[in-house]
Protein chains: 2
Amino acid sequence: MHGLADGMIPSSDSPAPAKSPTNRSRSEELRVLRALAVAGADRGTIEVTSREVGRQIGMSQQAADRRLLALERAGDIARTVHGRRPRLSLTAQGIDALRAEYQSLRRIFEGPSRLELHGIVVSGLGEGRYYLSQPGYAEQFPSRIGYAPFPGTLNVRLDGEMRRRAAMVKQWTGIRIDGFQASGRTFGGAMCIPAKIGGSPGHLIRPDRTHYEDVVEFVAPVSLREKLKLIDASPVDIELEEP
Amino acid sequence: MHGLADGMIPSSDSPAPAKSPTNRSRSEELRVLRALAVAGADRGTIEVTSREVGRQIGMSQQAADRRLLALERAGDIARTVHGRRPRLSLTAQGIDALRAEYQSLRRIFEGPSRLELHGIVVSGLGEGRYYLSQPGYAEQFPSRIGYAPFPGTLNVRLDGEMRRRAAMVKQWTGIRIDGFQASGRTFGGAMCIPAKIGGSPGHLIRPDRTHYEDVVEFVAPVSLREKLKLIDASPVDIELEEP
DNA sequence: ATTACTAAAACTCGAGTAA
DNA sequence: TTTACTCGAGTTTTAGTAA
């Protein structure tokens, strides 16, 4: 489904004047650069010794100093020794190198919210059908999710790892289905998340009341069991996307 | 041997902290983890071989594979081999590890905008005094920056590195001084950035029209030259903070 | 085609130490 | 005090292969 796209090695190739730093040491250098930025070297000059830098990154004074030397030679930091007080600051280039790292992580965490899950089909106890048959719910669906759901939910069990991944959906905002009162009892609200179940469009239903547990429920315009020929214990792939 | 579902379960021996990975290899592991996330392994399962990962991170297939093994043993990724198709995804723990990196960079780049500069006092050509004496400007200052500026600006020359650092100020939003028309000519607007000049409060003035160049101008409630006993070529330290 | 082992080469480490 | 060199020891690399 996906391939590993080329050309995203963070700091591809800046002008490499002196020694070619191995990729490996480069990522350590960036760690040091980040530690220095956290200490304020990105917005001004700070006083630090190589020993302190070493303590910070869990290495000896010698190793830390080697890093500082490499960073200096690469043009990422500028150092001056003022008598006994070594001073240091990130250069514009050094800040850019860190920013590139930041942007690449930012794209991961701030990009559009999508999630792929897989689980196995299980039988519910018919509550799905019961709830969907309540007029209070039924009349909301067509205008909000664009179809009248097939009267029955597909229940999918997630294993531990998938459950942890799905936990993120709790933070998402989906399409709201309101709660209501009828027949002397209260029916709670729910959130619908657009989904593809085995490639078929539908929605994940996340009731306000229940904690996220090991079974998630889906609605769709048609019977997913029939359309996808699913039986209990069939594996299904699910794609979710925040609207 | 293992089915897909079996293999996806991270590992039965999760409470085993196992080998302590050195700090050094850990930052390389995170680099691999990030490359995998960029390829989509954070939101689903991707197909990728150790050779491709190696190409991506600039290393041999063997080295890449050792990283994947380490990440797998650490519980940061889950792998399955489906015949010829090796598949892989980040675990919740692996995503958290990346997120921690992201947060630490985020604090650097999204924190309150502050900047320390230093430069050398130079003489202007008296334009500062001329502009500040224009009623159209003068009447705006007290209500916007809280004081009537001493009638004259302090000009500070920045060297190349400081200039690059100061370029960031162009993106900042400061306190607005509006342009106006008077005596048949147009006076442009400017932005004021709160500053401490040698510890003394004042504002950097950034006219809309000029590009950022090697000299920046400051206003203050008093004569900074007198208060700080500055003469031409005196070094000054400057702190800027976005309001 | 893969993954992943072995072993020699290449690095990197910290101790010692000069400046 | 610093920074930063050399050097022996320990790690990590890639090439060659097995599975």
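Quick note on labels: first sequence line is chain A, next is B, and so on, each numbered from 1.
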Query - Residue B:Ser25, side-chain atoms from C-beta onward, closest of C:dG14, D:dT12, C:dT2 - result: D:dT12
Requested in this report: Answer yes if the side chains of A:Ser89 and B:Arg165 hold a donor-acceptor pair under 3.5 Å, and no otherwise.
Outcome: yes
Query raised in the report: Can you check the A:Arg87 CZ to D:dT2 C1' distance for me, whole Å?
Result: 15 Å
Query raised in the report: For the helix from C:dT2-D:dA19 to C:dA19-D:dT2, what is the angle between the axes at its two ends, each from 5 pairs, rounded to 10°?
Result: 40°
Query raised in the report: What distance do A:Arg31 atom CZ and B:Arg26 atom CZ have between them, rounded to the nearest 0.5 Å?
Result: 11.0 Å
Query raised in the report: Is there any ring-ring contact (aromatic ring centres under 6.0 Å, His included) pair reaching into residues 214-243 of chain B, and which pairs are they, with sequence neighbours excluded?
Result: none
Report task. Go through the structure and list residues passing salt bridge (charged side-chain N to carboxylate O under 4.0 Å, His left out) with A:Arg79, not counting sequence neighbours. Result -> A:Asp65, A:Glu72
Report task. Take atom CD of B:Glu52 and atom P of C:dT2, then tell me their distance rounded to the nearest Å. Result -> 8 Å
**Report entry** Heavy-atom protein contacts under 4.0 Å, nucleotides 4-10 of chain C, coded B base, S sugar-phosphate only, - none
**Finding:** BB-----
Report task. For A:Met59 and D:dG10, give me the distance from atom CE to atom P, rounded to whole Å. Result -> 17 Å
**Report entry** Contact list for residues 89-115 of chain A, test ring-ring contact (aromatic ring centres under 6.0 Å, His included), sequence neighbours left out
**Finding:** A:Tyr102-B:Tyr102, A:Tyr102-B:Phe109, A:Phe109-B:Tyr102
Requested in this report: Starting from C1' on D:dA4, measure out to CG on A:Leu88 and report it in whole angstrom.
Outcome: 15 Å
Query raised in the report: Which of the following nucleotides, D:dT14, C:dT2, C:dC13, is nearest to the side chain of B:Ser60?
Result: D:dT14
Query raised in the report: Roughly how many Å is it from CZ in A:Arg51 to P in C:dG16, rounded to a whole number?
Result: 13 Å
Query raised in the report: Can you check the A:Glu28 CD to D:dT12 P distance for me, whole Å?
Result: 11 Å
Query raised in the report: Do you know which two heavy atoms are closest between B:Gln93 and B:Ala74, and how far apart they sit?
Result: NE2-O, 2.8 Å
Requested in this report: Determine, for B:Arg114 against A:Asp42, whether the closest basic-nitrogen to carboxylate-oxygen distance falls under 4.0 angstrom.
Outcome: no
Query raised in the report: Can you find a side chain N or O atom of A:Arg67 that sits less than 4.0 Å from OP1 or OP2 on C:dC13?
Result: yes
Requested in this report: Could I get the full list of salt bridge (charged side-chain N to carboxylate O under 4.0 Å, His left out) partners for B:Glu101, not counting sequence neighbours?
Outcome: A:Arg34
**Report entry** Polar contact flag, side-chain donor to acceptor under 3.5 angstrom, B:Thr91-A:Glu161
**Finding:** no
